[in-house]
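Working notes, beginning with the structure itself.
Here the structure is a predicted model, which is why all the values come from computation and not from measurement.
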Amino acid sequence: MKFLTLDLQFFAGEKTEKATPKKRQDARKKGQVAKSQDVITAVNLLAVFLYLMFTGELLLDHILRVFRHSFQDYLLVDLTENNLKSILLEIMKEITFILGPIMLVAFVASVAANYFQIGFLFSSEAIQLKLEKINPIQGFKRIFSLRALVELLKSILKISFVGIVTFTVLWKRIDEILILSHKSVGAALASIASLTMQMGLFASGALFFLAILDYLYQKYDFEKSIRMSKQDIKDEYKNIEGDPLIKSKIKQRQKEMAMRRMMQEVPKADVVITNPTHFAVALKYDEQKLDAPYVVAKGVDYVAQKIKYIAKENDVITVENRPLARALYDQTEIGETIPEQFFKAVAEILAFVYRTKNKI
């Protein structure tokens with residue numbers, strides 16, 4: 001019996017269950033999310049190379065204009081303390097115009113790739129200084145852990161895959177590369193630029209493919225890391241139930257849902273019996289469902305006024321009977337049939353309602 005108890009405790013502690021929404025929310029607050037850095041790198045490179053492909057000619061013209069202006073003007077000018085500052089500022093401005101858009105594209109691509117993976121997230125816990133991060137023993141364990149081995153294999157796979165792709169591009173254009181020395185400087189530079197662009201796009205595409213696989217792995221690894229045992233789920237449920245604020249919110253939500261369901265039944269009622277100002281009880285008689293009239297809605301004060309308003313909007317007849325309304329409110333619950341002592345009074349009211357509807 002003792003061994004059976006130990007086995008049950010062991011299996012109860014096994015993390016085999018999916019994480020609850022609360023566990024996911026707590027992990028997100030700590031900055032623990034399924035994210036692949038490779039996706040950001042791949043999207044970044046792909047965006048930059050695509051930008052260069054579409055704006056390469058404009059950038060080349062701008063660069064040549066900067067060089068031409070530098071050789072024609074700055075080399076012929078005597079450098080002094082007064083004009084050195086202005087020359088440096090002008091050169092820095094031209095470099096900013098060239099590199100600025102590239103950096104902006106890279107920044108936007110990185111933000112977009114990060115957002116599509118995890119959405120908007122700011123976690124102060126993720127950037128807090130933790131002593132275990134600088135603990136050499138813990139660092140040694142991380143270096144020789146299974147996760148480190150997986151990361152090493154991933155790096156080897158990425159280098160190999162991207163290397164094969166770029167080598168294939170080079171091999172297909174080997175004839176063009178071999179005759180570069182026979183071309184003019186401009187034609188050679190154009191060929192090198194075209195080759196670099198093609199290699200960059202293919203390498204980015206290959207890295208993006210690997211990044212998708214890495215993201216799927218990161219998602220799997222994250223789901224595995226936040227799994228819970230059956231005991232964890234029970235403990236979490238007890239903690240949530242024990243919170244008075246959460247319990248009150250749950251009760252309030254349940255009350256609101258019950259109120260909405262009750263109000264949806266008022267238009268189906270045969271009659272609403274009122275106090276007339278304080279109580280309202282909506283009754284329905286369906287011989288195929290129950291043998292006696294039953295309560296579909298009831299309320300006092302504000303709820304009673306709302307029942308009467310909905311009844312009026314849906315042409316449900318309202319009958320004033322103070323003692324009957326009060327007695328039905330006190331002695332019946334929603335969905336219950338009325339007590340036997342009220343059969344006669346309710347039957348008379350229903351007969352009056354049916355006669356009135358037939359006249360209409």
Side-chain angles (χ1 to χ4, degrees), residues 1-43 110-128 130-133 135 138-139 141-155 157-158 207-258 260-261:
M1 191 69 180
K2 183 178 180 182
F3 289 112
L4 179 60
T5 304
L6 290 174
D7 286 341
L8 290 174
Q9 289 176 351
F10 172 76
F11 286 115
E14 257 192 315
K15 298 185 181 296
T16 57
E17 307 300 313
K18 288 186 177 181
T20 61
K22 184 179 184 303
K23 179 66 178 289
R24 294 177 185 278
Q25 186 178 6
D26 292 342
R28 186 175 177 84
K29 286 180 180 178
K30 296 177 183 178
Q32 299 173 1
V33 289
K35 185 180 78 168
S36 171
Q37 190 64 36
D38 290 347
V39 171
I40 299 174
T41 304
V43 172
S110 299
V111 172
N114 196 67
Y115 179 80
F116 281 117
Q117 287 188 89
I118 62 173
F120 178 77
L121 174 64
F122 175 77
S123 174
S124 58
E125 292 189 33
I127 57 176
Q128 287 179 356
K130 296 181 180 179
L131 296 179
E132 59 265 23
K133 290 184 177 180
N135 187 338
Q138 294 294 331
K141 289 181 179 179
R142 284 195 296 269
I143 292 173
F144 293 96
S145 64
L146 179 61
R147 187 176 184 85
L149 179 61
V150 171
E151 292 297 327
L152 176 62
L153 293 175
K154 281 167 47 183
S155 299
L157 178 63
K158 283 187 290 185
L207 189 60
F208 184 73
F209 172 74
L210 293 176
I212 293 174
L213 297 180
D214 181 63
Y215 174 73
L216 295 175
Y217 167 75
Q218 296 293 343
K219 194 172 182 64
Y220 163 78
D221 189 57
F222 172 72
E223 291 293 333
K224 185 179 178 181
S225 67
I226 63 171
R227 279 180 187 171
M228 304 174 69
S229 65
K230 289 183 171 62
Q231 188 61 43
D232 291 337
I233 295 175
K234 289 180 181 178
D235 293 341
E236 182 185 288
Y237 180 76
K238 287 179 182 178
N239 292 334
I240 293 175
E241 283 295 306
D243 191 334
L245 180 61
I246 294 177
K247 287 179 72 174
S248 65
K249 286 184 178 180
I250 291 173
K251 288 182 178 179
Q252 180 66 25
R253 181 66 60 86
Q254 291 173 341
K255 187 176 179 181
E256 291 174 357
M257 292 174 64
R260 283 197 294 268
R261 286 196 300 268

Between [atom1] on residue [X] and [atom2] on residue [Y], distance to nearest 0.5 Å:
| X | Y | atom1 | atom2 | result |
| --- | --- | --- | --- | --- |
| Glu256 | Arg260 | CD | CZ | 6.0 Å |
| Leu157 | Leu153 | CG | CG | 8.5 Å |
| Arg24 | Lys18 | CZ | NZ | 7.5 Å |

Handout entry: Lys255: partners by side chain to side chain contact (heavy atoms under 4.5 Å, CB included), with sequence neighbours left out
Key = none
Handout entry: Under the side chain to side chain contact (heavy atoms under 4.5 Å, CB included) test, residues paired with Ser110 that sit two or more places apart
Key = Ile40, Asn44
Side-chain donor-acceptor pairs under 3.5 Å in residues 207-219, sequence neighbours left out?
| unit_1 | atom_1 | unit_2 | atom_2 | d |
| --- | --- | --- | --- | --- |
| Asp214 | OD1 | Lys154 | NZ | 2.4 |
| Asp214 | OD2 | Ser36 | OG | 2.3 |
| Gln218 | OE1 | Arg147 | NH2 | 3.4 |

Handout entry: Neighbour count >12 (heavy atoms, 6.0 Å) for atom NZ, Lys23
Key = yes
